[in-house]
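Right, one structure below, let's go through it.
Just follow the structure's listing: the first ligand is 1, and inside any ligand the first atom is 1. Below, all heavy atoms of this structure are taken into account, side chains as well, without hydrogens, waters or symmetry copies.
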Amino acid sequence: MTDCLFCRIINGDIPSNKVYEDELVFAFRDINPQAPTHILIVPKQHIASAADITAENSAVVAHIFEVIPTIAKNEGLTNGFRVITNCGPDACQSVRHLHFHLLGGGQMADKMA
Ligand code: AMP
Ligand code: ZN
């Protein structure tokens with residue numbers, strides 16, 4: 001989708017600080033980090049949000065969770081990390097392309113909302 005920011009990052013139209021890529025997944029550093037390590041992990045396939053995950057497209061979501069340990073290890077997140085996806089207005093989703101925030105590199109608050 002040419003009007004989707006993350007599709008444009010994936011296809012290289014908009015530059016990003018890439019940390020991982022394979023045939024299904026693209027991961028890059030968040031432009032406004034909220035933790036010492038803040039990476040966005042996105043499916044190359046345009047899926048709008050977690051509310052749009054189905055039996056037909058969920059394999060890529062499983063794959064994202066398979067690569068998260070590798071990315072976390074590469075980033076040195078040996079003491080833990082947090083994975084978050086914001087879905088819809090109540091959760092303040094600002095980019096309508098499914099993405100998982102990988103946060104780490106220090107102690108985080110115990111409350112998430
Ligand atoms: P969300 O609010 O959950 O939809 O997350 C969107 C995230 O995308 C925010 O954390 C933004 O800082 C991040 N973001 C927006 N534009 C860019 C960009 N061009 N490169 C990297 N991260 C971005
Ligand atoms: Zn997209």
Set of residues that line ligand 1, where lining means a heavy atom lies under 4.0 Å from it: L5, F6, I9, F28, R29, D30, I31, N32, L40, N86, C92, Q93, S94, V95, H99, H101
The Zn ion (ligand 2): angle it makes with SG (C7) and SG (C4), nearest 10 degrees: 120°
Shortest-distance N, O or S atom of H46 relative to the Zn ion (ligand 2): ND1
Would you check, one step at a time, whether the test side-chain contact (heavy atoms from CB on, under 4.5 Å) holds for M112 with D110? CA-CA 7 Å; M112 288 182 283; D110 61 353; over 6 Å; no
Answer yes when K44 and E23 have at least one side-chain N-carboxylate O distance shorter than 4.0 Å, and no when they do not. no
Between the side chain of Q93 and the main-chain N/O of A48, is any donor-acceptor distance below 3.5 Å? yes
The atom of H97 among N, O or S that is nearest the Zn ion (ligand 2) is ND1
With sequence neighbours excluded, tell me which residues meet salt bridge (charged side-chain N to carboxylate O under 4.0 Å, His left out) with R29. E75
So do the side chains of P43 and V61 get within less than 4.5 Å of each other, counting heavy atoms only? no
Quick one: does I9's side chain get under 4.5 Å of H97's, heavy atoms only? no
Should the ring pair H99 and F6 be called parallel, tilted or perpendicular, given that the plane angle runs from 0 to 90° and is split at 30 and 60? perpendicular
